[in-house]
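Along the sequence shown, the residues carry numbers beginning at 1. The figures that follow rest on heavy atoms only: side chains count, while hydrogens, waters and symmetry mates do not. For ligands, and for the atoms within them, numbers begin at 1 and follow the listed sequence.
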Amino acid sequence: MEDVLKKIFDAVLEGDFAGVKVNVQTALDTKIEPAMLIAARAMQSGMALLKPYLQKSNVKSSGKVVIGTVKGDLHDIGKNLVSLMLEGDGFEIKDLGVDVPVEEFVRVLKEEKPDILALSALLTTTMQMMKTTIDAVTAEGLRDQVKIMVGGAPVTETYATKIGADGFSPDASRAVTVAKSLINS
Ligand code: B12
């Protein structure tokens, strides 16, 4: 167990995204979930300090992203990683947190006018809320003003296309590539 945590630690220090992912998955598979959760919290407190420096090195904003985990879903580790990666690449992030009602997404879209809306869901029961959210954005007449990307463990490219999202990524590093291509499309 300590071995895998050391590998995660080293991969984080080296900025080795693939290494972090593989070893975190190994850690989860070997059921050290509580330690992981503590590590994730610790990482977030460190990132709070790093944020200003990351932002400083990217003077020009890459674009504005409103992100949140959909209604009924409390998982946020993956969403937070996506936020951090986007922020590190110069995106301005407005994170609405977890269990975000459709109305809240719509309200913030009107207020913030982001380039991208990013939705996260980790449960098969809540991933349908992504479609409900996209439908509400369309009904409010906002759909052509914002690109929508979706992700989370049960979400696939096929599902993303089916519910009318513009982009999907299976992980945080590729989420940056997808976000950039959506901005430029
Ligand atoms: C940690 C965890 C929890 C924690 C969450 C803590 C937190 N702050 O997030 C707690 C303990 C609260 C929890 C609760 C529950 N959980 Co849970 N949980 C997990 C667990 C172990 C890890 C999830 C995780 O953080 N993975 C690591 C991150 C980095 O990966 P990720 O989230 O997939 O994110 C990556 C990508 O998906 C992608 N991504 C994610 N979001 C987005 C968004 C965009 C826009 C993009 C582009 C990409 C993207 O990028 C991320 C980084 O690479 C998974 C099992 C697993 N191994 O996945 C179960 C799991 C998701 N949970 C599950 C369940 C059932 C529950 C509960 C219902 C349990 C219960 N009976 O109470 C509750 C639900 C609570 C709720 N209403 O949400 C099931 C879901 C089954 C299903 N098919 O729906 C899983 C799969 C476990 C299982 N095998 O049964 N859980």
Side-chain angles (χ1 to χ4, degrees), residues 1 4-5 7-8 11-12 15-45 47 62-89 91-101 105 108-109 114-131 133-134 137 146-161 163-183 185:
M1 170 172 127
V4 74
L5 291 178
K7 283 183 184 160
I8 293 169
V12 168
D16 172 6
F17 303 130
V20 171
K21 196 162 186 251
V22 167
N23 289 300
V24 167
Q25 189 59 58
T26 307
L28 289 170
D29 292 344
T30 48
K31 306 211 185 308
I32 55 166
E33 180 187 324
M36 279 301 307
L37 294 177
I38 293 164
R41 275 173 210 274
M43 186 180 83
Q44 277 168 32
S45 66
M47 282 310 298
S62 304
K64 193 195 263 193
V65 179
V66 165
I67 190 166
T69 301
V70 295
K71 174 103 183 117
D73 200 319
L74 302 176
H75 296 85
D76 68 355
I77 297 172
K79 167 188 71 65
N80 293 346
L81 282 175
V82 171
S83 293
L84 288 173
M85 291 294 291
L86 288 172
E87 202 158 23
D89 210 83
F91 283 88
E92 187 188 337
I93 304 293
K94 175 90 185 165
D95 188 344
L96 306 187
V98 297
D99 192 19
V100 182
F105 279 120
V108 176
L109 285 190
D115 303 289
I116 295 175
L117 170 63
L119 303 173
S120 181
L122 260 285
L123 301 170
T124 44
T125 48
T126 57
M127 63 194 275
Q128 298 147 31
M129 197 49 78
M130 291 177 152
K131 179 176 185 320
T133 306
I134 295 175
V137 171
V146 68
K147 301 285 184 189
I148 302 182
M149 59 192 247
V150 295
V155 182
T156 60
E157 181 100 56
T158 310
Y159 184 74
T161 307
I163 63 172
D166 302 301
F168 158 79
S169 158
D171 59 50
S173 56
R174 273 176 281 182
V176 175
T177 313
V178 172
K180 281 178 167 170
S181 73
L182 290 179
I183 293 274
S185 66

Only heavy atoms of [X], strictly under 4.0 Å: list the atoms of ligand 1 that pass.
X    : answer
S169 : 47 (C), 48 (C)
V82  : 39 (N), 42 (C), 48 (C), 49 (C), 50 (O)
L81  : 29 (C)
L119 : 43 (C), 44 (C), 45 (C)
D171 : 38 (C), 50 (O), 53 (O)
S120 : 40 (C), 41 (N), 42 (C), 43 (C)

Does some non-hydrogen atom of D73 fall short of 4.0 Å from ligand 1? yes
Checking the side chain of [X] only, and the main-chain atoms of [Y] only, is there a donor and an acceptor separated by less than 3.5 Å?
X    : Y    : answer
T126 : M129 : no
T69  : H75  : yes
D171 : R174 : yes

Among [options], which residue places a heavy atom closest to [atom]?
atom                    : options          : result
atom 62 (N) of ligand 1 : H75, M127, R174  : H75
atom 83 (N) of ligand 1 : T69, V150, T124  : T124
atom 42 (C) of ligand 1 : S173, G151, G167 : G151

Looking only at heavy atoms, the pair that brings G72 and L123 closest together is O-CD1, 4.3 Å
In short, V146 meets L117 closest at the heavy-atom pair CG2-N, 3.6 Å
Would [X] count as being in polar contact with ligand 1, using the rule that some N or O on each side must be under 3.5 angstrom apart?
X    : result
A118 : no
G72  : yes
A172 : yes
D76  : yes

Going by the rule side-chain contact (heavy atoms from CB on, under 4.5 Å), which residues pair with V178 if we only count those two or more places apart in sequence or in a different chain? M149, S169, L182
Apply the test side-chain contact (heavy atoms from CB on, under 4.5 Å) to residues F105 and L96: give CA-CA distance (whole Å), side-chain angles for both, the deciding distance (0.1 Å), then the verdict. CA-CA 8 Å; F105 279 120; L96 306 187; 3.8 Å; yes
Does a sphere of radius 6.0 Å around NZ in K131 hold more than 12 heavy atoms from other residues, nucleotides or ligands, not counting ones at 6.0 Å or beyond? no
Please identify each residue that fulfils side-chain hydrogen bond (donor to acceptor under 3.5 Å, both in side chains) with N23, with sequence neighbours left out. none
